[in-house]
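Note: hydrogens, waters and symmetry copies are ignored here, and every other heavy atom, side chains too, is used. Throughout, residue positions are numbered sequentially from 1 according to the sequence presented. Indexing begins at 1, ligand by ligand and atom by atom, following the structure's order.
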Amino acid sequence: MHFREKVIWVTGASSGIGAELAVQLAKQGGYVILTGRNEQALNEVHQACSKYNEFCKIVVADLSTEAGCLQACNQAMELFQHIDIVFLNAGVTQRSLAIDTDIAVYRSLMDINFYAPLIITKQLLPYFKQRNNGQIVAISSVAGLMGFPLRSGYAAAKHAMKGFFETLQTENTIEGLSITLVSPGRINTPISVNALTKDGTPHLKHDEGQLNGISVKVCATKILKAVAQKKQHIIIARGESLLLKIKWYLPSLYYKIAHNKGLKSL
Ligand SMILES: NC(=O)c1ccc[n+]([C@@H]2O[C@H](COP(=O)([O-])OP(=O)(O)OC[C@H]3O[C@@H](n4cnc5c(N)ncnc54)[C@H](OP(=O)(O)O)[C@@H]3O)[C@@H](O)[C@H]2O)c1
């Protein structure tokens, strides 16, 4: 019911969690705007959405630059002259040791995982304030709650993302605005295939942890339930939830486990 006839912009809708969110949202009556770079993949997701809802649209965009984010924002807004909810989901992970990783790779990871959600949010906030309404869903990661091997830039960007949105939640300057921060653990998507390695080339491997992760269906269903309930933060994880508790109560053990488990996909 919550998403019915709402205009909902999903970034990173061409694959994985975003694609599943888009289809479930269309099924629940949302008018979904799908964004990503891969037009063919977006068309396939659009087709799946159109089975449930004829009002879904596509905005092809590269969100790795400020200009790309602003242009995508304007195009998304023009489609219905309105946006109710934005899912800031587009993201890229990493598979390389900090000692080996080029600075340019850190910048790329910050651009897509931190600056893109920040720029889009900054662009939409005045509109949400004008209406005293709006919802932002920030898809972070458990890597935004703890460090993990081979993900120094990704974890840094997701920590920054969490810091930004959590602060926005505490400032609470827009009465009707709700923000849901989502911290998934491993979800079964192609994210590790597209992960950046030390020189920025893609990892091109489905990591075992990823393949054994929570299904996108389960993940998207949990996200949508939390968004409908306007939850402030949810963690969708299995073993990572335990590791977070260990980090809190037995930090020295967390460092050992993370080291041993995390270096496997090197
Ligand atoms: N899978 C997991 O285990 C996991 C765990 C924690 C958090 N997350 C987070 O969940 C989100 C979705 O990840 P996923 O697992 O669904 O990964 P995915 O299947 O690789 O999807 C990533 C999406 O981001 C889009 N994207 C990447 N770079 C982009 C760019 N420069 N401009 C526009 N769109 C871009 C991709 O679209 P194009 O390629 O078409 O541009 C794709 O639609 C990410 O923020 C990720 O960090 C995932």
Side-chain angles (χ1 to χ4, degrees), residues 9-23 33-46 58-73 75-76 87-95 107-117 119-120 137-146 148 151 153-162 165 181-196 200 202-220 222-223 234-241 244 265:
W9 185 19
V10 181
T11 72
S14 59
S15 171
I17 299 170
E20 179 63 26
L21 282 171
V23 174
I33 305 168
L34 313 163
T35 287
R37 292 163 301 179
N38 184 335
E39 195 167 357
Q40 196 186 330
L42 286 173
N43 281 330
E44 283 166 25
V45 180
H46 183 265
I58 289 176
V59 170
V60 180
D62 183 346
L63 302 176
S64 64
T65 64
E66 183 168 351
C69 290
L70 296 179
Q71 199 186 348
C73 235
Q75 284 179 318
F87 284 76
L88 300 165
N89 167 75
V92 174
T93 189
Q94 175 191 8
R95 292 294 183 270
R107 291 196 193 281
S108 296
L109 290 164
M110 287 303 283
D111 280 336
I112 188 62
N113 293 304
F114 174 62
Y115 282 109
I119 293 161
I120 293 171
V137 186
I139 310 292
S140 179
S141 167
V142 291
L145 305 173
M146 62 181 166
F148 203 73
R151 292 156 176 82
Y154 179 68
K158 293 295 194 182
H159 272 75
M161 189 192 194
K162 175 178 174 281
F165 285 103
L181 187 70
V182 182
S183 302
R186 284 188 171 115
I187 312 297
N188 186 358
T189 74
I191 194 167
S192 67
V193 177
N194 303 318
L196 302 186
H203 181 56
L204 296 178
K205 271 189 258 171
H206 277 287
D207 287 351
E208 202 186 310
Q210 224 64 58
L211 289 170
N212 294 326
I214 295 170
S215 76
V216 279
K217 244 189 185 60
V218 168
C219 176
K222 286 190 177 184
I223 293 173
I234 53 156
I235 297 173
I236 303 170
R238 294 186 187 133
E240 300 90 344
S241 296
L244 277 170
S265 52

Answer whether the closest heavy-atom distance between the side chains of Met146 and Leu244 falls below 4.5 Å. yes
Sub-3.5 Å N/O-N/O distance, Asn113 and ligand 1: no
Measure the shortest side-chain to side-chain distance between Tyr115 and Cys69 over non-hydrogen atoms and say whether it is less than 4.5 angstrom. no
Identify which of Gly91, Ser140, Gly144 has a heavy atom lying nearest to atom 7 (C) of ligand 1. Ser140
Closer than 3.5 angstrom, by distance alone: can the side chain of Ser64 be matched with the main-chain N or O of Asp111 as a donor-acceptor pair? no
Heavy atom under 4.0 Å from ligand 1: found in Asn194's side chain, backbone, both, or neither? side chain
Check ligand 1 against Ala13 and write out every atom of the ligand that is under 4.0 Å from a heavy-atom position of the residue. 43 (O)
Check step by step if side chain to side chain contact (heavy atoms under 4.5 Å, CB included) holds for Val137 and Leu21. CA-CA 11 Å; Val137 186; Leu21 282 171; over 6 Å; no
When you look at Asp207 and Arg95, which way does the salt bridge (Lys or Arg N to Asp or Glu O under 4.0 Å) test go after all the steps? CA-CA 10 Å; Asp207 287 351; Arg95 292 294 183 270; 2.6 Å; yes
Tell me, which protein residue and heavy-atom name are nearest atom 18 (P) of ligand 1, and how many Å apart are they? Ser15 OG, 3.6 Å
The protein heavy atom nearest to atom 26 (N) of ligand 1 is Ala90 CB, 3.9 Å
Flag, side chain of Asn89 to backbone of Gly12, donor-acceptor distance under 3.5 Å: yes
How about Ser140 and Phe165: do any of their side-chain heavy atoms sit closer than 4.5 Å? no
Just to confirm my output: which protein heavy-atom neighbour is closest to atom 25 (C) of ligand 1, and how far is it? Gly12 CA, 3.6 Å
For Val142, is at least one N or O under 3.5 Å away from an N or O on ligand 1? no
Looking only at N/O atoms, are Tyr154 and ligand 1 under 3.5 Å apart anywhere? yes
Under the side-chain contact (heavy atoms from CB on, under 4.5 Å) test against Gln75, which residue among Val59, Thr35, Val60 passes? Val59
Where is the nearest protein heavy atom to atom 5 (C) of ligand 1: which residue, which atom, and how far? Gly185 O, 2.9 Å
Considering all heavy atoms of both residues, which atom of Val92 and which atom of Leu196 are nearest to each other, and what is their separation? CG1-CG, 3.8 Å
At a 4.0 Å threshold, what atoms of ligand 1 neighbour a non-hydrogen atom of Arg186? 3 (O)
Where the closest heavy atom to atom 36 (C) of ligand 1 is concerned, which of Ser14, Gly36, Ser192 has it? Ser14
Does the side chain of Val193 come within less than 4.5 Å of Pro202's, by heavy atoms? no
What protein heavy atom is closest to atom 16 (O) of ligand 1, reported as residue, atom name and distance in Å? Ile17 N, 2.8 Å
Starting from atom 6 (C) of ligand 1, find the nearest protein heavy-atom neighbour and note its residue, name and distance. Pro184 O, 3.2 Å
Compute the shortest N/O to N/O distance between Val92 and ligand 1 and return yes if it is under 3.5 Å, no if not. no
Heavy-atom contact check, 4.0 Å cutoff: does Thr93 meet ligand 1? no
Does the pair Leu63 and Ile112 meet the rule for a side chain to side chain contact (heavy atoms under 4.5 Å, CB included), with working shown? CA-CA 6 Å; Leu63 302 176; Ile112 188 62; 4.0 Å; yes
Among the heavy atoms of Ala41, does any lie under 4.0 Å from an atom of ligand 1? no
To which of Thr189, Ile223, Val182, Val45 does the heavy atom nearest atom 14 (P) of ligand 1 belong? Thr189
For residues Asn212 and Arg186, determine if any side-chain heavy atom of one lies less than 4.5 Å from a side-chain heavy atom of the other. no
Name of the residue among Ile58, Leu34, Asn38 meeting side-chain contact (heavy atoms from CB on, under 4.5 Å) with Asn43: Ile58
Minimum non-hydrogen distance to atom 32 (N) of ligand 1, winning option of Thr11, Val60, Leu63: Leu63
Please confirm whether Gly213 comes under 4.0 Å of ligand 1, counting heavy atoms of the residue only. no
Does even one non-hydrogen atom of Gly68 get within less than 4.0 Å of ligand 1? no
Atoms of ligand 1 under 4.0 Å from any heavy atom of Ala61, numbered from 1 in the order shown, are 32 (N), 33 (C)
Per-atom contacts of ligand 1 with Gly16, taking only distances under 4.0 Å to non-hydrogen atoms: 16 (O), 19 (O)
Min N/O separation Ile187 to ligand 1 under 3.5 Å: yes
Just by distance, do the side chain of His159 and the backbone of Ala155 share a donor-acceptor pair under 3.5 Å? yes
Which option out of Glu39, Arg37, Glu20 puts a heavy atom nearest to atom 29 (C) of ligand 1? Arg37
Regarding ligand 1, does Ile112 bring an N or O atom to under 3.5 Å of one of the ligand's N or O atoms? no
If you measure from each heavy atom of Ala19 to ligand 1, is any distance below 4.0 Å? no
Expected output: side-chain Gln210 to main-chain Glu208 donor-acceptor under 3.5 Å: no
Among all protein heavy atoms, pick the one closest to atom 17 (O) of ligand 1 and tell me residue, atom and distance. Ile191 CB, 3.5 Å
Ile223 vs Ile17, test: side chain to side chain contact (heavy atoms under 4.5 Å, CB included). Steps then yes/no. CA-CA 10 Å; Ile223 293 173; Ile17 299 170; 3.9 Å; yes
Which one of Asn38, Ile139, Asn89, Asp62 has a non-hydrogen atom at the shortest distance from atom 44 (C) of ligand 1? Asn89
Which of the atoms in ligand 1, numbered in the order shown and given with their element, are less than 4.0 Å from a heavy-atom of Gln210? 1 (N), 2 (C), 3 (O)
For the atom pair CD (Gln71) and CG (Asp62), what is the distance rounded to the nearest 0.5 Å? 10.5 Å
